Undergrad: 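Dropping the structure in here first, questions after.
The structure displayed is predicted, hence computed values, not measured ones.
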Amino acid sequence: MTQTRKAVIAAARRTAVCPRGGALALFQADELSAPVLAQLVVDTGIEPEEVDCVFLGNALYGGGNPARLAALRAGLPQTVPALTIDTQCCSGLDAIVMGARLIEAGAADIVLAGGAESFSRSPIRMTRPVDPAAPPVGYDRPAFAPAPFGDPDLADAAARLAAETGTSREDQAVFAVTSHDKARSARGYLRGRLVNAGGRLPEEDGFTRHLSLKTALRAPLLNGDHETGLSAATIACEADGAAAVLLMSEGAFQERFHLNSNESRMTGLKILASRSAGGNPAEPALVPIEVAKAMFAELGMDATELAATELMEAYAVQAMVTAAHLGLESEGLNRMGGALARGHPIGASGAILAVHLFEVLTRKETPAEGARNVGMALIAAAGGLGSGIVVSPAVRKGG
């Protein structure tokens with residue numbers, strides 16, 4: 001069925017991302033996301049009561065409704081509904097996909113969507129015993145797939161993928177070094193762009209550093225063998241952070257920001273395609289490949305038409321294999337650095353990809369005729385899930 005109504009990312013913001021126990025350790029997930037939501041309202045000049053809904057991804061809290069807490073903390077009216085989504089690593093991007101779907105369906109004109117995670121403040125998980133006299137049983141993660149499906153630990157699955165594809169430790173280390181280099185180069189641009197809540201939050205990502213190949217190769221081996229195993233340098237660290245976008249219907253966006261041709265026009269990203277999909281739970285890293293192929297088929301395009309791709313780097317090998325399968329150009333891949341250089345705030349990570357895509361595609365001047373200006377974000381999640389969006393600038397500055 002052909003969709004005639006499109007959603008536009010009108011604004012995108014995030015907090016700094018800091019390792020677990022670091023500069024954001026005192027903040028709950030909703031406390032991190034509230035100033036991001038509030039800043040998006042300011043950025044677009046809308047009235048808070050114009051927001052139709054809030055979608056927020058979160059993976060670690062296992063209860064409550066952080067989206068509702070964040071919406072109220074952000075100063076949105078009590079009448080604005082808010083929904084928390086848990087699809088693990090896909091949560092933040094799935095929130096954006098769901099917000100876009102609501103707009104495409106004509107059920108909303110303005111939606112706030114993103115994700116937030118605080119590893120530092122997440123609850124300690126315990127299972128209530130069947131025997132009332134027995135003590136509760138603690139656990140690190142719930143099951144993501146039932147028997148007889150495979151439900152591997154994600155690090156085990158990534159190590160197996162590295163061994164099967166022959167992706168060496170050195171190649172993974174080189175990829176991690178490149179991620180840090182790109183993130184360090186982006187620091188100057190991001191300074192002043194990250195939401196700091198009046199100085200209460202840090203203005204820079206806390207993990208990004210100069211990482212030499214020598215240092216990366218000396219990082220402790222955490223999973224797998226000496227030849228293709230995963231190290232502390234090639235696995236994204238646990239982190240805290242929040243990110244979100246403000247979505248508008250294309251009609252509402254054009255009406256607000258495209259009326260006066262004599263003024264510099266606000267640039268947004270039109271969502272050309274979006275998809276949340278499932279695959280083999282035993283091979284979660286491979287699902288985004290099929291997600292991208294499905295979106296390419298829908299749009300009649302291929303990877304050569306992408307100017308920028310934001311690809312989740314939970315594990316270096318995961319991103320490397322996906323990029324190789326799809327033929328993604330290294331120059332356009334994670335231009336501002338990836339999760340290996342920042343950390344992985346699970347519920348927020350997919351939304352961070354969307355924010356970076358926004359920054360990369362809207363900060364440039366109008367591309368030359370024939371230049372590529374299409375971007376894609378892709379992420380995988382435990383249980384064999386994958387999500388993605390393909391976007392292009394909706395209105396070019398001065399155009």
Side-chain angles (χ1 to χ4, degrees), residues 7 9-15 17 24-44 46-105 107-125 142 195-198 200-201 239-249 276 345-352 354-355 381 387:
I9 299 175
R13 289 280 191 163
R14 72 171 175 92
T15 66
V17 176
L24 296 177
L26 297 179
F27 299 92
Q28 298 175 169
D30 58 284
E31 293 174 320
L32 289 173
S33 52
V36 176
L37 301 182
Q39 185 61 53
L40 290 171
V41 171
V42 172
D43 287 347
T44 52
I46 67 167
E47 297 299 328
E49 55 268 22
E50 293 182 88
V51 176
D52 293 309
C53 191
V54 175
F55 290 107
L56 189 70
N58 179 264
L60 297 180
Y61 275 52
N65 186 1
R68 177 62 169 169
L69 295 176
L72 293 175
R73 286 188 190 276
L76 298 179
Q78 300 175 26
T79 52
V80 176
L83 173 67
T84 301
I85 298 167
D86 179 4
T87 49
Q88 292 299 295
C89 301
C90 288
S91 300
L93 194 56
D94 277 342
I96 295 171
V97 170
M98 290 188 70
R101 290 280 188 264
L102 201 66
I103 288 172
E104 291 165 355
D109 279 316
I110 298 177
V111 174
L112 287 167
E117 203 72 77
S118 172
F119 257 104
S120 299
R121 298 294 302 277
S122 60
I124 297 172
R125 298 174 171 186
V195 175
N196 67 6
R200 293 189 299 113
L201 304 178
D240 307 330
V245 304
L246 189 144
L247 297 163
M248 285 184 175
S249 65
S276 299
I346 300 178
S349 290
I352 291 171
V355 171
S387 300

Undergrad: Would you give the length of the straight line joining atom CG of Asp52 to atom OG1 of Thr79, rounded to the nearest 0.5 angstrom?
TA: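 Between atom CG of Asp52 and atom OG1 of Thr79 there are 10.0 Å.
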Undergrad: Quick one: closest heavy-atom pair of Leu76 and Leu72, and the distance?
TA: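 Shortest heavy-atom separation between Leu76 and Leu72 comes out as O-CD2, 4.2 Å.
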Undergrad: Please step through side-chain contact (heavy atoms from CB on, under 4.5 Å) for the pair Ile9 and Leu247, ending with a clear verdict.
TA: CA-CA 5 Å; Ile9 299 175; Leu247 297 163; 3.6 Å; yes
Undergrad: For side-chain contact (heavy atoms from CB on, under 4.5 Å), just list the numbers for Ile46 and Leu246, CA-CA rounded to whole Å, side-chain angles, deciding distance to a tenth of an Å, and then say yes or no.
TA: CA-CA 10 Å; Ile46 67 167; Leu246 189 144; 3.6 Å; yes
Undergrad: Hey, is CD on Glu49 packed in by over 12 heavy atoms from elsewhere, all under 6.0 Å?
TA: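 Yes, enclosed.
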Undergrad: Checking Glu117 side chain against Leu60 main chain: does a donor-acceptor pair fall under 3.5 Å?
TA: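 Side chain of Glu117 to backbone of Leu60: a pair is present.
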Undergrad: Between Leu40 and Ala12, which heavy-atom pair has the shortest distance, and what is it?
TA: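 Heavy atoms only, the tightest pair is CD2-N, 3.6 Å.
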Undergrad: Distance from Ile96 atom CD1 to Leu112 atom CG, nearest 0.5 Å?
TA: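 It comes to 11.0 Å.
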Undergrad: As an exercise, state the distance from CG of Asp86 to OG of Ser91, rounded to the nearest 0.5 Å.
TA: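 Nearest 0.5 Å value for the CG-OG distance: 5.0 Å.
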Undergrad: Let me confirm one number: the CD-CZ distance from Glu104 to Arg101, rounded to the nearest 0.5 Å.
TA: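 Answer rounded to 0.5 Å: 5.0 Å.
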Undergrad: List the residues meeting side chain to side chain contact (heavy atoms under 4.5 Å, CB included) with Pro81, not counting sequence neighbours, and say none if there are none.
TA: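 Cys53.
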Undergrad: Can you name the nearest heavy-atom pair linking Leu56 to Ala116, along with the distance?
TA: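 Here Leu56 and Ala116 meet closest at CD1-N, 4.1 Å.
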Undergrad: Enumerate donor-acceptor pairs with a distance under 3.5 Å from any side-chain N or O in residues 24-39 to protein atoms, sequence neighbours excluded.
TA:
unit_1: Gln28; atom_1: NE2; unit_2: Asp30; atom_2: OD1; d: 3.1
unit_1: Asp30; atom_1: OD2; unit_2: Arg73; atom_2: NE; d: 2.4
unit_1: Asp30; atom_1: OD2; unit_2: Arg73; atom_2: NH2; d: 3.3
unit_1: Glu31; atom_1: OE1; unit_2: Gln28; atom_2: N; d: 2.7
unit_1: Ser33; atom_1: OG; unit_2: Ala29; atom_2: O; d: 3.2
unit_1: Ser33; atom_1: OG; unit_2: Asp30; atom_2: O; d: 3.3
unit_1: Gln39; atom_1: NE2; unit_2: Asp43; atom_2: OD1; d: 2.9

Undergrad: Check Val355 against Val245 and note the closest heavy-atom contact, atom names and distance.
TA: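 Heavy atoms only, the tightest pair is CG2-CG1, 4.5 Å.
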Undergrad: With rounding to the nearest 0.5 angstrom, report the CZ to CG distance, Arg68 to Leu83.
TA: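 Between atom CZ of Arg68 and atom CG of Leu83 there are 12.0 Å.
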Undergrad: Could you tell me whether the side chain of Thr15 and the main chain of Ala242 form a donor-acceptor pair under 3.5 Å?
TA: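 At least one qualifying donor-acceptor pair exists.
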Undergrad: Given the rule in the side-chain contact (heavy atoms from CB on, under 4.5 Å) test, do Phe119 and Ile346 qualify, once you have shown the distances and angles that lead to the verdict?
TA: CA-CA 8 Å; Phe119 257 104; Ile346 300 178; 3.6 Å; yes
Undergrad: Rounded to the nearest 0.5 Å, what separation is found between the CD1 atom of Ile103 and the CG atom of Asp109?
TA: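 Result: 7.0 Å between the selected atoms.
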Undergrad: If the condition is side-chain hydrogen bond (donor to acceptor under 3.5 Å, both in side chains), which residues does Thr84 pass it with, not counting sequence neighbours?
TA: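 With sequence neighbours excluded, Thr84 shows a side-chain hydrogen bond (donor to acceptor under 3.5 Å, both in side chains) to Asn65, given in chain and number order.
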Undergrad: Where is the tightest heavy-atom contact between Ala95 and Ala113, given as atom of each residue plus distance?
TA: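 That closest heavy-atom pairing would be O-CB, 3.5 Å.
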Undergrad: What pair of heavy atoms forms the shortest contact from Asp240 to Ser120, and how long is it?
TA: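 That closest heavy-atom pairing would be OD2-OG, 2.6 Å.
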